[in-house]
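The structure appears right after this line, and notes come after that.
Because only heavy atoms are used, hydrogens play no part in the values below, and waters and symmetry mates are left out as well, while side chains stay in. Each ligand, and each atom within it, is numbered from 1 in the order the structure gives.
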Amino acid sequence: MSKELDKEYYKAERKAEWRNKLRKEIKSKERTNVVRVQMPEADPNIRNKSNIEVNKGLTLEMAVSESSRCLDCVVPTCVSGCPVGTNIPKFVKYIESGDILGAAKVLKENNSLPAICGRVCPQEIQCEAQCVYVKKLSKEGSAIGYLERFAADYERESGNSSIPELAEPNGIKMAVIGSGPAGLTVAGELAKFGYAVTVFEALHDLGGVLKYGIPEFRLPKDIVDFEINTIKQMGVKFVTNFIVGKTATIDDLKNEGFKAFFV
Ligand code: SF4
């Protein structure tokens, strides 16, 4: 998967003084000699008797070291492999600079589910497969997924979780049918544009396939709930036990003022 990259935008961003300074601190040759981080895993003897998450996440030291591998490329090909166009070099360089909350904010600019995506996106065939390390240097790609998870977890655990910038409310009602990853993503993005979003979920619990399709040891349910809660803080309403077509029809919802529907 690859998308057209706005090269001029990324070139201009890269010229920021803090990025220039950071790049000069370590020579590219030294950066490419850093060994890719290994994800720490829970003890198999504990895992086989419980449902705890297998991947434990990076330490701050590991994350800063891994972020130093990133070359802050003039043309960040990694971004073209990201379905939501995350500004990868910017968030990675924030981690290298030690501003982890800054990194988390960059992630949330166009992705309301960074802790989830950092765990379950197939980065090895998306962003990481497009990294210059893979494309040109025949090395393992920058561990973008691990770093995404690190920044999102760090922010959550810090108690200083931010919500993205929201446009002024425009009063236009939008209905999202289903609270799985697609519905949550659309709800979060529409909320940023100021729409009045309601998510209708047929089941009693929110999250769709994120809850019933991915096991706890791969994606803990409290992580899903935390990110749904962030979307709630952005003003999105959630209604459970509501089957569109049965509890109410599309026409009923249109009569209630909903202007568009995402199914
Ligand atoms: S392609 Fe790889 S090295 Fe270059 S900016 Fe993206 S993550 Fe960093």
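A cation-pi arrangement is absent between R47 and F217 under the rule of less than 6.0 angstrom and at most 45 degrees off the ring axis.
Counting only N and O atoms by type, the side chains of S142 and E128 include no donor and acceptor under 3.5 Å apart. One side chain, S179 or E201, offers a donor N or O that lies under 3.5 Å from an acceptor on the other.
Applying the side chain to side chain donor-acceptor pair (under 3.5 Å) definition to pairs two or more places apart or across chains, those involving residues 224-239 are K211-D225.
When distances to atom 8 (Fe) of ligand 1 are checked against a cut-off of 2.8 Å, C131 contributes no N, O or S atom below that limit.
Summary of contacts: the protein heavy atom closest to atom 8 (Fe) of ligand 1 is C70 SG, 2.4 Å. Of the protein's non-hydrogen atoms, the one nearest atom 6 (Fe) of ligand 1 is C78 SG, 2.3 Å. In terms of protein heavy-atom proximity, atom 4 (Fe) of ligand 1 is nearest to C73 SG, 2.3 Å.
At distances below 3.5 Å, not a single donor-acceptor pair connects side-chain atoms of T86 with backbone N or O atoms of I88.
In this structure, F200 has its ring center at least 6.0 angstrom away from the ring center of F262.
Every atom of ligand 1 is numbered from 1 in the order shown, and the set under 4.0 Å from a heavy atom of L71 is 3 (S), 8 (Fe). When each atom of ligand 1 is checked for a heavy atom of T77 under 4.0 Å away, the hits are 1 (S). Close approach to S142 involves these atoms of ligand 1, each under 4.0 Å from a residue heavy atom: 7 (S). The ligand atoms of ligand 1 that sit less than 4.0 angstrom from a heavy atom of V132 are 1 (S), 2 (Fe), 3 (S), 4 (Fe).
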